[in-house]
Every structure is written in C-alpha cells, then in structure tokens.
Amino acid sequence: MTFLVHTYGCQMNVRDTEAVSMLLERHGLQPAATEAEADVLIVNSCSVRGKAEDKAIGKLGIMAATKRERPDRIVGVMGCMVQRLQTELFKRVDGLDFAVGPRRFARIPALLERVASGERHLLDIGIGDEDIESLAGHEEGAVTAFVNILLGCDRRCAYCIVPDVRGPEWSRPADGIIAEVNSLVRAGVKEVTLLGQSVMRYGLGNPVWSAMAPSSPRGYAEPFVRLLEAINDQTPLARLRFTSSHPSGCTAELAAAMRDLPAACPHLHLPLQSGSDPVLQRMRRGYTAASYLEALRRLRDAVPALAVTTDIIVGFPGETDDDFERTRECMEAAGFDNAFIFKYSPRPGTPAADWEDDVPEEEKRRRNQVLLEDQDRRGLRLNERLVGATLEVLAEGESQRNAERWSGRSDTNKIVIFEPEAGCSIGDLVKVRIERAMPQTLYGERQKVYSPQENREHKD
Ligand code: SAH
Ligand code: SF4
Ligand code: F3S
C-alpha cells in the first residue's frame, strides 16, 4: 500500500505529517510518488482561520470523489479541524473513512487496519494518553528538523481556536527531546527548531525531568532555559531555534541564555498581534505595546544581532483606524525583520466570536496591504544594513529560481542566496559576504566552510 499526506497549517502540522509518514513507513506502507498513485490519502488539516478549513474540506471532497473509480482507496483526515468538527466531517465529506485528532496520531496505523477490514467513519479524538515518543521518527537526509517540546496551549487568547483543538499544555519529558536531537545530529541535521504554541511555558505544568532536574552549570532556574542549556551542552547540535515565543517568557534568564549558549540562534519569532493596548486587552494577550517593546529591549541588550519576526492580526473586532495606526507605530518601533499578517477570522466557540466582526472585509484587506508594504520597506532597510557583512549560512541546496545559485538561512533566519564553490555540500555552514539586499532575501558570494564544531568555537 502507498500513502500520501497533504498538509495545511503551521510548522507543527509539517512536523506531524513527517512523524505520521515515518510511522506509516514503519508499518510497511510506502510513500506514493504522486497523489494519483496513492492507496491511502490523508489531509492534515488546520482550523486557525475559516479559509484553512474550507481548503481542507475542498481537498478531502476531491480525494474522496476518486473513490467512485477506485473504491479500495482509503481517505482520512488528521489534525486540528478533526477536533473541532468531529463526526460532522463524515456528513460534509462523502466517502471519508477516518478522522483522527491532533493528540491521537500514533493510532493511525491501527485505524487503517480497521478501515481495510471494512469499518467506516472511524473517529478518534481526545487528549490524555500522549504517545509522542512513538512519533519521534524523521525523514533521512534533512539538514534542518522540527522537534516537538510542548503540545497544546493554555493561554486562550480571545480569537484563537488552538487551545480548543490542540488541548491543554503538556510538556514532553526532556530526556526524549535530548535523545531525539542527538539522533538527528548523528543523521546529519545541523539546525533544530523546538516547537510549541508558547514554548517558554515548557515545563511549567507537568514534570519534565525523569528524576531531579540535573544541576544547571550556568545557574539557570527556568525549565525552558534549562532545556536550551541541556540541548546545547548534551548534544553537538550547531544551531538551535524555537517557536513561538511570548513576551512573558522573555526574561533576563532567557536573554542570558541566548547570549551565552553557542548553539542558540539570534532569532526570535515573537507574535505582537496588535500594537494597540485596548485591542491587546480584548485579545487577552497579557501585555501592552510598551511591555512588549520592553521585553524585546531586554533581549536586544543581551543579543545585539537579534532578528525578530512577528504575527499580526488586522481587523480584530472593534479595531479602529487609530488602533491600526498604533500597530503600524509599534511594528516600526520593534523593527521587525519579517511579519506574517493575518485578516481576523471569527472562530466558533472562542470569546471573540461573540463580538461583532465589524471591520469590513475590504478594510481588512487594505490594512493587510498597508502592513505588508510597511514591512517590505522596513525589511529592505534592515537588510541593506547587512550589505558588506559576512554571515554564517547553512547551505540547504539549489535555489528554486536559479539552480546555479544555492539557498540557505543565516543564523538570524534570513534567506541567503549565494554562489556555491566546488565542494560545497548541503549541510555545510558557510561564510557568505552579502552583496545585495531585497526585503526578504539577501544575495552574496560564498567565502568559507566551517565544521559545526568550528562554528560553535567561532561563536564562543
Ligand atoms: N501559538 C502561536 C500562534 C498559533 S496561530 C502564538 O501565539 O504565537 C498562528 C497565528 O495565527 C497567530 O499568531 C495569529 O496571528 C494568527 N491567528 C490565530 N487565530 C486567528 C484568527 N482567529 N484570525 C486570524 N488570525 C489568527
Ligand atoms: Fe495560544 Fe494565544 Fe498562540 Fe492562540 S495565539 S495559540 S491562544 S498563545
Ligand atoms: Fe492551524 Fe492547528 Fe497549527 S489550527 S496553525 S494547524 S496549531
């Protein structure tokens, strides 16, 4: 049997698709080269905005319709939308065989066996028996990887469906994380991004050390910071990233760790959402524009090269022109290197869904466009400052647009297009002198290859 998973949504879903694919391969299924070929078709779904769900339902409908010609095909759906729509999915998608929620992926092989033996409309949702270690597999040959550290979310921002669909926070025990990072490094991975909705809450709920926490050589006390330290000290990983962050976790200790741990990359994804205090308060974000900027200042004082990216929602209920201008100002004051802008989409069951969605679609589109243009100008200005500088780039392979050039990411997570020299391999850390800047891309020559060890010493 061959399978194919079609993925919507965030990095967490990208990681979940990879984990499920590895699990299915361990159970004897083969990845299909094309969708037309696959015997098992799965959509990994996202619920964060209405459009994301529409796309997943549309895709499932197309996949399920092919069962008329090929009745043996199995069509399933996994991920966030399953937790929200549950059995309604079987009504909305004729021919859907199974649906499995985001904390139940380890059961997909068993569900497939039941479908193969004739059962239909199987729904497996719920939270509680976390089986994350059986989902620790990664594809071979990659030089970057995602690693889950924190499932679910307890913050309950007023607009967000994630806490409903991904359930309460649960921190993965540290031993499993460290073992996974070590095995990734042995397989050639140079850069790991730790994943969680609000990663700095790692270890605040359930215990994460199998015995007493090991002592922290640098005297750290916060569980998330201790995890960063343990990965830095107990694995030879070259580059460590994490996402997403929240200003409340941007403590002096985190700032010190980002400065002092050689593996920690000088990049932070710190969603702002809005720069207007009344809007932030209605969003229940737990900070003001000033305290957000203060958190950023703490980190920048420790790590001057820090690059910061963000998420913004435009058109939240009651967002006035004045609120919107505050967002523009705050984005400028924060000096974001990149920003993902989203138009507000009411999500059923969230507190904000009870408030009138009163910013017209056209105005949401306009605000979205204004912020994108602001960001392009700012991104270009910040990137132009890097012309002439030499950056450390992880070579990831040929550039999509031009095979004679390669593409990679700087430690600050900027896309860098460069000329490979003979002998440059995927996974090399190369020094690139920047010659030209665009709002989201840097262009340069290649200078020198560093081994990961040299790279860490170099940063020390
Ligand atoms: N946990 C992450 C974000 C997960 S969702 C965090 O807090 O950083 C990713 C982004 O989608 C959010 O940061 C937010 O900007 C956006 N988003 C979430 N709910 C939304 C909604 N109802 N409408 C529009 N955008 C939304
Ligand atoms: Fe959780 Fe808030 Fe992020 Fe939503 S936006 S996932 S509620 S931290
Ligand atoms: Fe979407 Fe779920 Fe991620 S709702 S953004 S796939 S956490």
Side-chain angles (χ1 to χ4, degrees), residues 8-16 45-55 79-81 83-84 102 146 148-170 193-202 224 241-250 267-276 279-280 282-287 292 295-296 308-319 327 330-331 334 336 338-359 361 363-365 367-368 371-372 375:
Y8 297 99
C10 62
Q11 289 149 317
M12 230 164 257
N13 271 19
V14 171
R15 169 65 197 130
D16 291 340
S45 63
C46 172
S47 272
V48 80
R49 283 167 290 275
K51 268 218 180 96
E53 285 194 349
D54 297 343
K55 281 193 212 157
C80 298
M81 186 177 71
Q83 201 74 27
R84 196 177 85 77
F146 293 130
N148 281 319
I149 66 162
L150 179 70
L151 306 183
C153 184
D154 286 346
R155 280 199 189 276
R156 296 206 168 267
C157 308
Y159 51 79
C160 191
I161 191 95
V162 172
D164 290 334
V165 293
R166 291 220 171 226
E169 282 174 2
W170 181 77
T193 305
L194 306 177
L195 294 181
Q197 294 301 332
S198 202
V199 278
M200 292 148 180
R201 294 177 56 84
Y202 176 77
F224 175 65
R241 304 185 188 284
F242 49 85
T243 194
S244 278
S245 308
H246 188 275
S248 60
C250 296
H267 168 236
L268 201 68
H269 183 66
L270 190 63
L272 169 67
Q273 312 299 2
S274 168
S276 155
V279 175
L280 285 170
R282 288 203 301 280
M283 286 179 165
R284 306 186 185 164
R285 286 290 290 174
Y287 54 82
Y292 177 99
L296 205 51
V308 183
T309 55
T310 202
D311 292 343
I312 302 284
I313 297 175
V314 292
F316 188 72
E319 186 189 65
T327 298
C330 191
M331 290 179 76
F336 292 126
N338 202 355
F340 302 89
I341 323 283
F342 304 104
K343 287 179 285 176
Y344 171 69
S345 161
R347 306 310 295 129
T350 60
D354 294 340
W355 310 330
E356 195 192 343
D357 182 15
D358 57 356
V359 179
E361 179 61 25
E363 179 60 14
K364 285 182 187 165
R365 219 174 306 138
R367 291 180 186 176
N368 186 77
L371 294 190
L372 286 176
Q375 184 55 48

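Each ligand, and each atom within it, is numbered from 1 in the order the structure gives. Being a predicted model, the structure only gives us computed values, none of them experimental. The first residue of the sequence shown is numbered 1, and numbering continues consecutively from there.
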Q.
My understanding is that only residues two or more places apart in sequence, or in another chain, count here; which of them pass salt bridge (Lys or Arg N to Asp or Glu O under 4.0 Å) with Glu169?
A. Arg201
(Q) Can a side-chain donor-acceptor contact be found between His269 and Asn338 if the only test is distance below 3.5 angstrom? (A) no
**Q.** Heteroatom proximity flag, Ser245 to ligand 1, N/O under 3.5 Å
**A.** no
Q) Looking at ligand 1, does His246 have a heavy atom less than 4.0 Å from it? A) no
Q. For atom 19 (N) of ligand 1, which of Tyr159, Tyr344, Phe316 has the closest heavy atom?
A. Tyr159
(Q) Tell me whether the rings of Phe242 and Phe224 are parallel (<30°), tilted (30 to 60°) or perpendicular (>60°). (A) perpendicular
Q.
When you compare ligand 1 with Arg49, is there at least one nitrogen or oxygen pair between them that comes in under 3.5 angstrom?
A. yes
**Q.** Atoms of ligand 1 close to Pro271 [distance to a heavy atom under 4.0 angstrom, numbered from 1]
**A.** 8 (O)
Q: Using atom types as modelled and distance alone, determine if a side-chain donor or acceptor of Arg282 lies under 3.5 Å from a backbone N or O of Ala158.
A: no
Q) Which is closest to atom 2 (C) of ligand 1 in terms of heavy atoms, Lys51, Lys364, Gln197, Lys343? A) Gln197
Q | Within reach of ligand 1, part of Val48 (heavy-atom separation under 4.0 Å) | A | both
Q) Taking both backbone and side-chain atoms of Asp311, is any N or O found less than 3.5 Å from an N or O belonging to ligand 1? A) yes
Q. Would Gln273 and Phe316 satisfy side-chain contact (heavy atoms from CB on, under 4.5 Å), going step by step from the backbone distance to the final call?
A. CA-CA 10 Å; Gln273 312 299 2; Phe316 188 72; over 6 Å; no
Q. Given Gln273, Arg285, Met283, which has its nearest heavy atom closest to atom 14 (C) of ligand 1?
A. Gln273
Q. Are Lys364 and Asp357 within salt-bridge range, i.e. N to O under 4.0 Å?
A. yes
Q: With sequence neighbours excluded, tell me which residues meet ring pair (Phe, Tyr, Trp, His ring centres under 6.0 Å) with Tyr202.
A: none
